[in-house]
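Since the model is a prediction, treat every value here as computed from it, not as a measurement. Naming convention: chains lettered A, B, ... in sequence-line order (proteins, then strands); numbering from 1 in each chain.
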2 protein chains.
Amino acid sequence: MILSRTSQYAIQALIFIATRPPGEPVLNREIASYLNVPPAYLAKIMQSLCKGNLLYSYRGRLGGFCLREGASKTDLMQILLLTEGPSFTQECVLGLKVCSDATACPMHTKWVPIKKKVVALLNEQTLEKLARAVQTGKYRLSDLPTSLLAPMRRA
Amino acid sequence: MILSRTSQYAIQALIFIATRPPGEPVLNREIASYLNVPPAYLAKIMQSLCKGNLLYSYRGRLGGFCLREGASKTDLMQILLLTEGPSFTQECVLGLKVCSDATACPMHTKWVPIKKKVVALLNEQTLEKLARAVQTGKYRLSDLPTSLLAPMRRA
DNA sequence: CCTCATTCGGAGAATTTTATCCGAAATCCA
DNA sequence: TGGATTTCGGATAAAATTCTCCGAATGAGG
Ligand code: FES
Ligand code: FES
């Protein structure tokens, strides 16, 4: 039910960059402050996304991060393969070392079809799509300020 | 895509107990060795399952753990509520603090239906069902010995 | 009663994940 | 050239998860 924080930050950051005009480098500082995540930690994640060939990075003034050409067609699965490792779709839900029809745990037959749905979803959601959804204003990338979360709190 | 090890051990252990004759206490040591998990760690998990009212525990000779009456009707969701905490089905896939239609992230509309399927599955899989599946011999609770995992290894 | 076997409960070690810090290298611009 | 800004990369710290150890309490049986 859970992605690691690292994966969540990576996805959020990439969608955010995808909402910005392509070609204009975006500062790590700006992303972190918009998403409200720790800047130094996010910087590490950005580095690994560069190494995974999803981003370009530019140092110095006017530096920052840009999506690589075509990276707006990147889907979430490609990102998660970087951040969660290549085996994350192949794991047994009960933690057995091997998940296959031949070595199935008692959840296997029910779990695999759902897993397939998840994988299909991750494969079809591209940064472009997700960025557009955000741009409509109907969907958000960061938390609402706490003041808005419990508006009935006022006396 | 991932349950914590704690949850995986808890589920495995409970299914194992459910495959045993009810009323006869099962030793922690026996469970741990069958499932091939760290005994001292499993003992902690068993303790918390007792506190969560899924198990009875008996100390001393002839001690061990038994399912509580009716616990074979326990479903996986009840177990996970103990081991993962009460909010684990309500979390945003991208990590936003609140997941709701009104504060949706760009994955929300696609993710929630899948989440519902997962929840429904967890709600319908009882220890009884899962234990029976294991008893048929077609499904396993523990890993195969490594010697069997790569049978082509022999010269 | 004593002995043995077991869970209980607390402390704490090891590992992994998350987060921080800082000096060095790159780049822009004056 | 030199100053300002930014990422890079390595070390390290903090927190959470996973795992271990041990003495105490409990209960069965001799
Ligand atoms: S073996 Fe457990 S999910 Fe496939
Ligand atoms: S808000 Fe992200 S899944 Fe609901």
Side-chain angles (χ1 to χ4, degrees), chain A residues 1-13 17 20 23-33 35-68 80 82-85 87-88 91 94-95, chain B residues 1-13 17 20 23-33 35-68 80 82-85 87-88 91 94-95:
Chain A
M1 218 61 169
I2 286 168
L3 297 177
S4 67
R5 282 233 181 302
T6 298
S7 294
Q8 293 174 335
Y9 293 165
I11 293 174
Q12 289 178 18
I17 296 176
R20 307 295 301 273
E24 285 183 19
V26 187
L27 294 184
N28 179 72
R29 178 159 39 83
E30 188 185 355
I31 306 169
S33 108
L35 300 177
N36 198 29
V37 306
Y41 188 45
L42 181 63
K44 291 295 186 205
I45 298 172
M46 300 301 282
Q47 252 182 77
S48 74
L49 295 176
C50 290
K51 289 191 184 148
N53 292 333
L54 294 181
L55 291 176
Y56 286 126
S57 66
Y58 305 98
R59 302 209 241 193
R61 272 204 179 182
L62 308 190
F65 298 91
C66 290
L67 289 185
R68 257 175 118 102
L80 294 177
L82 290 179
T83 54
E84 300 278 326
S87 61
F88 102 106
E91 289 161 0
L94 294 192
Chain B
M1 220 61 169
I2 286 168
L3 296 177
S4 67
R5 281 233 182 302
T6 298
S7 294
Q8 293 174 336
Y9 292 166
I11 293 173
Q12 289 178 19
I17 296 176
R20 308 295 301 273
E24 285 183 19
V26 187
L27 294 185
N28 179 73
R29 176 161 37 86
E30 187 185 357
I31 306 169
S33 110
L35 299 177
N36 198 28
V37 306
Y41 189 45
L42 181 63
K44 291 296 186 201
I45 298 172
M46 300 300 281
Q47 251 182 77
S48 74
L49 295 176
C50 289
K51 287 189 187 150
N53 291 333
L54 294 181
L55 290 176
Y56 286 126
S57 67
Y58 304 98
R59 302 210 239 192
R61 273 203 177 178
L62 308 191
F65 299 91
C66 291
L67 289 185
R68 255 174 120 102
L80 294 178
L82 290 179
T83 53
E84 300 278 325
S87 61
F88 102 106
E91 289 161 1
L94 293 192

Report task. Mind calculating the distance between CD (B/E84) and P (D/dA16) to the nearest angstrom? Result -> 16 Å
Review item, side-chain donor-acceptor pairs of residues 41-48 of chain A, under 3.5 Å, at least two apart:
| from | atom 1 | to | atom 2 | distance (Å) |
| --- | --- | --- | --- | --- |
| A/Y41 | OH | A/T6 | OG1 | 2.5 |
| A/S48 | OG | A/I45 | O | 2.8 |

Query raised in the report: Counting only side-chain N and O atoms of B/Y58, is one of them less than 4.0 Å from OP1 or OP2 of D/dA28?
Result: no
Query raised in the report: Taking only residues two or more places apart in sequence or in another chain, which ones pass side-chain hydrogen bond (donor to acceptor under 3.5 Å, both in side chains) with A/Y58?
Result: none
Query raised in the report: For B/L82, which residues count as a side-chain contact (heavy atoms from CB on, under 4.5 Å) partner, sequence neighbours excluded?
Result: B/L49, B/L54
**Report entry** Given DNA chain D, 5'-ward residue of the pair A/L62 and B/P38, judged by closest heavy atom
**Finding:** A/L62
Report task. Could you list the residues that satisfy side-chain hydrogen bond (donor to acceptor under 3.5 Å, both in side chains) with B/T83, not counting sequence neighbours? Result -> B/S7
Report summary line: Residues at least two apart in sequence or cross-chain that pass side-chain contact (heavy atoms from CB on, under 4.5 Å) with B/R29, listed by chain then number, are B/L27
**Report entry** Partner residues of B/R5 under the side-chain contact (heavy atoms from CB on, under 4.5 Å) criterion, sequence neighbours left out
**Finding:** B/Q8, B/Y9
Report task. Would you indicate, yes or no, if D/dT6 has its OP1 or OP2 atom less than 4.0 angstrom from a side-chain nitrogen or oxygen of A/S57? Result -> no
Report summary line: For B/R61, the side-chain contact (heavy atoms from CB on, under 4.5 Å) test, sequence neighbours excluded, returns none
**Report entry** Span of DNA chain C, from the first to the last nucleotide whose atoms fall under 4.0 Å of chain A heavy atoms
**Finding:** C/dT18 to C/dC29
Report summary line: Value for CD1 (B/I17) from CZ (B/F65), rounded to nearest 0.5 Å, stands at 7.5 Å
Query raised in the report: Among residues 40-48 of chain B, which contact DNA chain C at a heavy-atom distance under 4.0 Å?
Result: B/K44, B/Q47
Report summary line: Hits for side-chain hydrogen bond (donor to acceptor under 3.5 Å, both in side chains) against A/E91, two or more places apart or cross-chain, chain-then-number order -> none
**Report entry** Whole angstrom value for the distance that separates C1' of D/dA14 from CZ of A/R5
**Finding:** 14 Å
Query raised in the report: What is the nucleic acid contact for A/Y56, judged by heavy atoms within less than 4.0 Å: base, sugar-phosphate only, or nothing?
Result: nothing
Query raised in the report: So do A/N28 and A/P39 actually touch side chain to side chain, heavy atoms under 4.5 Å?
Result: yes
I'd like a table of atom pairs between the protein and nucleotides 23-25 of chain D - only N or O on both sides, under 3.5 Å - with the distance next to each one.
| from | atom 1 | to | atom 2 | distance (Å) |
| --- | --- | --- | --- | --- |
| D/dA25 | N3 | B/R59 | NH1 | 3.2 |

Report task. May I ask you to decide if B/L94's main-chain N or O and A/Q12's side chain share a donor-acceptor pair within less than 3.5 Å? Result -> yes
